[in-house]
Amino acid sequence: AGPGTRLAAGPRPGPAEQWGSLPPVSRLKESEISALLVLLGDDDEWTASVARERLLEAGESVVPRLHAAANANNIRLRARARSLLETIRLNALREKFRQFSYRPDQELELLDGAFLVAEIGYPDLDRTPTLERLTQLEAEIRQELTGKDTPYEIVGALNRVLFVRYGFRGNRERYYDPDNTFIHRVVERRVGLPITLSVVYIVLARRLGLAVDGVGMPGHFLVRYRDLEDLFIDPFNRGQILNTRDCYRYLLSAGYGYDAAYLRPVGVRSIIARMLLNLTQIYSQFEDHERASLLTEYFNIVLRRNTGD
């Protein structure tokens, strides 16, 4: 097929037939890529979809040409090229999540997983500013300490710096803003969801030597001090200190009932999976079903469910 070529009219062939006469992706020439890009901009939806699948199969090898097509004069080609670039990018991110999920649980890094989630919305994410900001917050908290501090005193210093000095808080006004799930935006804007604010808290607390874990209650997320079963921190509510009875009252008032399992610590894999689930639900509400479906796949990869691994 050359530039301007339209696929022949007639019955629409199945996948095996429509690719039968085309060369393997590894042998696609520049002229063949050019022809597929012309077909991608065709006004016939089926023709464009065949070209799209072929280019998608080629993957990252056609990305430079797609970037050029994304600025073409043809409006249809421009929109479809941009959509295809996003799909290829998210497919590549799938592989990053797969590599993350392969690690043993004890080797999973919470912040690394949170950055991967952030790449869903920010493909060119530079982690450095967030890492530098976290290091600065850690230094400011250490200035509040004497070196002989009790866990309660360390929690107090953490809370003063995060919630009093810098005003970290839950984003009640725009709870379903996707940025509430992206860790770099949470650190930058100082607002987020219970789980992402808890990630910030856990990262800093562990740097300060506190043995803390996340607690994934239904409808909420807390931080728990590992060596004191009755000490919980609620980063969404400006670091409010809670005990088991407080958690019990919340669960009953919210209609969840009480189960001791609700207060058990959860690991990194579960935290990242829950962040993905939150984001999936947000995109579903926005009717971005294609992205929500892909995030469901990421979710299953992280939990290693039915992924073929």
Please enumerate all residues that pass salt bridge (charged side-chain N to carboxylate O under 4.0 Å, His left out) together with Arg274, with sequence neighbours excluded. none
Are any side-chain N or O atoms of Arg224 and backbone N or O atoms of Pro265, one a donor and one an acceptor, separated by less than 3.5 Å? no
Name all residues meeting the side chain to side chain contact (heavy atoms under 4.5 Å, CB included) criterion together with Asp105; count only those two or more places apart in sequence or in a different chain, and write none if there are none. Leu108, Arg269
Heavy-atom donor-acceptor pair, Thr196 side chain to Asn180 backbone, under 3.5 Å: yes
Applying salt bridge (charged side-chain N to carboxylate O under 4.0 Å, His left out), name anything that partners Arg127, two or more places apart in sequence or on another chain. Asp112, Glu119
What pairs of residues pass the side chain to side chain donor-acceptor pair (under 3.5 Å) test when at least one of them lies in residues 235-245, not counting sequence neighbours? Arg172-Asn237, Asp230-Thr244, Asp234-Asn237
Group every Ile, Leu, Val, Met, Phe, Trp and Tyr by side-chain heavy-atom contacts under 4.5 Å, then state whether Phe163 and Val191 land in the same group. no
Please collect all ring-ring contact (aromatic ring centres under 6.0 Å, His included) contacts where either partner lies in residues 115-150, sequence neighbours excluded, each pair once. Tyr122-Phe182, Tyr122-His184
Would you say that more than 12 heavy atoms from the other residues, nucleotides or ligands in this model lie under 6.0 Å from the CD of Glu153, or not? yes
Those residues at least two apart in sequence (or on a different chain) that pass side chain to side chain donor-acceptor pair (under 3.5 Å) with Thr87 are Arg52
From CZ (Arg249) to CG (Asp246), nearest 0.5 Å: 4.5 Å
With rounding to the nearest 0.5 Å, note down the distance linking CD in Glu53 to CG in Leu40. 10.5 Å
Below 4.5 Å, heavy atoms only, C-beta onward: do Leu294 and Glu290 meet side chain to side chain? no
What verdict does the side chain to side chain donor-acceptor pair (under 3.5 Å) test give for Arg65 and Ser34, after you've listed the backbone C-alpha separation in whole Å, the side-chain angles of each residue and the deciding distance to 0.1 Å? CA-CA 8 Å; Arg65 298 293 303 276; Ser34 296; 2.7 Å; yes
For the OH atom on Tyr176, are there more than 12 heavy atoms of other groups (residues, nucleotides or ligands in this structure) within a distance under 6.0 Å? no
Can you confirm whether Leu37 sits close enough to Leu66 that some side-chain heavy atom of one is under 4.5 Å from a side-chain heavy atom of the other? yes
Decide whether Asn171 and Arg174 meet the rule of one side-chain donor and one side-chain acceptor closer than 3.5 Å. no
So CG of Leu55 and CD1 of Ile33: to nearest 0.5 Å the spacing works out to 7.5 Å
Nearest-0.5 Å distance that lies between atom CD in Glu297 and atom CZ in Arg94: 4.0 Å
What residue pairs, at least two apart or across chains, pass side chain to side chain donor-acceptor pair (under 3.5 Å) with a residue in residues 73-86? Glu45-Arg80, Glu86-Arg89, Glu86-Arg291
Non-hydrogen side-chain atoms of Ile272 and Leu116 separated by less than 4.5 Å: no
In short, ring-ring contact (aromatic ring centres under 6.0 Å, His included) pairs touching residues 78-98 with sequence neighbours left out are Phe97-Tyr298
Spatial distance of atom CD1 (Ile195) from atom CZ (Phe221) [nearest 0.5 Å]: 4.5 Å
Which residues satisfy the side chain to side chain donor-acceptor pair (under 3.5 Å) test with Thr146, sequence neighbours excluded? Asp149
Salt bridge (charged side-chain N to carboxylate O under 4.0 Å, His left out) partners of Arg142, counting only residues at least two apart: Glu138
Donor-acceptor check, side chain of Thr296 to backbone of Ala292, threshold 3.5 angstrom: yes or no? yes
One should read off an interatomic distance between Glu140 CD and Leu204 CG, to the nearest 0.5 angstrom, of 11.0 Å
Is the backbone of Pro194 close enough, under 3.5 Å, to the side chain of Ser198 for a donor and an acceptor to pair up by distance? yes
Side chain to side chain donor-acceptor pair (under 3.5 Å) between Gln136 and Glu132, worked out: CA-CA 6 Å; Gln136 179 186 350; Glu132 290 177 345; over 6 Å; no
Can you find a pair of side-chain heavy atoms, one from Val117 and one from Ile183, that are under 4.5 Å apart? no
Has Ser293 got a side-chain atom pairing as donor or acceptor with His289's backbone, closer than 3.5 angstrom? no
Under the 3.5 angstrom rule, does the side chain of Asn159 hit a backbone N or O of Gly239 as a donor-acceptor pair? yes
Could you see if Ile202 belongs to whatever hydrophobic cluster contains Leu197? Use Ile, Leu, Val, Met, Phe, Trp, Tyr and a side-chain cutoff under 4.5 Å. yes
Can a side-chain donor-acceptor contact be found between Gln99 and Glu95 if the only test is distance below 3.5 angstrom? yes
Does Leu162 belong to the same Ile/Leu/Val/Met/Phe/Trp/Tyr cluster as Val164, with side-chain heavy atoms less than 4.5 Å apart forming each link? no
Residues in salt bridge (charged side-chain N to carboxylate O under 4.0 Å, His left out) contact with Glu144, at least two apart in sequence or another chain: Arg160, Arg165
Other hydrophobic cluster members with Met217, side-chain heavy atoms of Ile/Leu/Val/Met/Phe/Trp/Tyr under 4.5 Å, chained? Val215, Leu222, Phe232, Leu242, Tyr248, Tyr250, Leu251, Leu252, Tyr256, Tyr258, Tyr262, Leu263
Is it possible for you to say whether Tyr166 and Leu134 belong to one hydrophobic cluster, with membership spreading through side-chain heavy-atom contacts below 4.5 Å? yes
